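Only a predicted model underlies this, so the values are computations on that prediction, with no experimental measurement involved.
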Amino acid sequence: MQSLKALVGLRQRLRFVSHHQTQRPFSAQPNYAYNDDLQLQDQVLVQGRAKSRAALLNRPSALNALSTSMVARLKRLYESWEENSDIGFVLMKGSGTAFCSGADVVTLYHLINEGNVEECKKFFETLYKFVYLQRTYLKPNVAILDGITMGGGAGISLPGMFRVVTEKTVFANPETQMGFHPDAGASFYLSRLHGYLGEYLALTGDKLNGVEMIACGLATHYSSTARLAWVEERVGKLITDDPNVLEASLDQYADLVYTDRGSVLHKIDTIDRCFSHDTVEEIIDALEKEAAESYDEWCKTTLKKLREASPLSLKITLRSIREGRFQTFDQCLAREYRISLNGVSKRVSDDFCEGVRARLVDKDFAPKWDPPSLAEVSKDMVDSYFSRLDEFEPELELPTALREPFM
């Protein structure tokens, strides 16, 4: 505990940031800005316990999709909790049927079409900085992934110390189907999965359930939804900042689970044969050959997913995952930030807006990708996504000198 206090004290001296409490001004007129602040606070609720705090993502009608203000509030809360010596550990969960479905891409879509790209940049900067905070957090942190956990929702939870999944957990990185790329740290954690499973999940957007997340190491504990109340009650009574004590409490309610015979994890040999190739074209050729020789329906389904995705996104994503294998967490975030900014700028392609339109706005599920085929995606196009927008565009600045990710 003394060492933790020392670390927190050091952080406080280094931050040099003044926190000013905003007071509600006295007025006979309604204060709409204050009401907006209250509404934003309602989207991330705080639950206090004896020695811990819990953040509740509270946009159930939007599957707890993340906005800039939500992520900024989460970042402020987690920073204040880390510096509070009376708080031993923190927890995050979602309300409704989702933990978090990822970024609020519909809002980003409208911002881009309105010409407000700067707000989109602010979102990604805020999100990635919070993801880095999670990865480098000084105190034990728990995420309860009871429901949909996709894209940025995985990004704000998987870097943490403990990830609890249930029979309702649905994990995926479906970004290539929307003309984007797996981000918020995805190129780091997907690239470190067994064999070439990360390439498969990133390119196809295929889903994993809670049991599969345990089996491949994306989650640490499995518990039935019916027992989650007991889990929260148990850990909520803990008076500790010791991760071993917290882990032992989670272990008490964890179930021993095994993947069923139909799990994609039992296809790992086929995945390695097909997704180990250097290019998307070679991966597709290998799947076609496998399908012809084995008559495996899984190969046909996988090919269908790849052909529905943005050709440009497929090539960008494969390169991103491959580079992530040999990079640190902060380097992955910095690269993903460049790709994201290029994606929302429309400098090369409008695939992100087109993908969101087709899947979530008009819902015709008939995106018109640009370029429309893999053959028309040039190396220069892909290279440009890994470069700065221009020489004056700032890079993602992370406090790497002050905060080092735990291993």
Without swapping roles, check the side chain of [X] against the backbone of [Y] for a donor-acceptor pair under 3.5 Å.
X      : Y      : result
Thr176 : Leu203 : yes
Thr169 : Asn209 : no
Thr166 : Ser224 : no

Less than 4.5 Å apart, any side-chain heavy atom of [X] and any of [Y]?
X      : Y      : value
Gln331 : Glu336 : no
Leu190 : Tyr200 : no
Leu238 : Phe89  : yes
Val211 : Asp260 : no

Cation-pi between [X] and [Y]: NZ/CZ under 6.0 Å from ring centre and within 45° of the ring axis?
X      : Y      : answer
Arg335 : Phe386 : no
Arg135 : Phe329 : yes
Arg273 : Phe275 : no

Would you call [X]-[Y] a salt bridge at under 4.0 Å N-O?
X      : Y      : answer
Arg76  : Glu79  : no
Glu397 : Lys129 : no
Glu82  : Arg53  : no
Asp104 : Arg59  : yes
Lys139 : Glu83  : no
Glu125 : Lys121 : no
Arg319 : Glu323 : yes
Glu395 : Arg338 : yes
Lys51  : Asp86  : no
Arg357 : Asp362 : yes
Asp364 : Arg359 : no

* **Candidate list Leu91, Thr225, Val165, test side chain to side chain contact (heavy atoms under 4.5 Å, CB included), partner Ile144, passing option** =>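 Running side chain to side chain contact (heavy atoms under 4.5 Å, CB included) over Leu91, Thr225, Val165 with Ile144 returns exactly one hit, Leu91.
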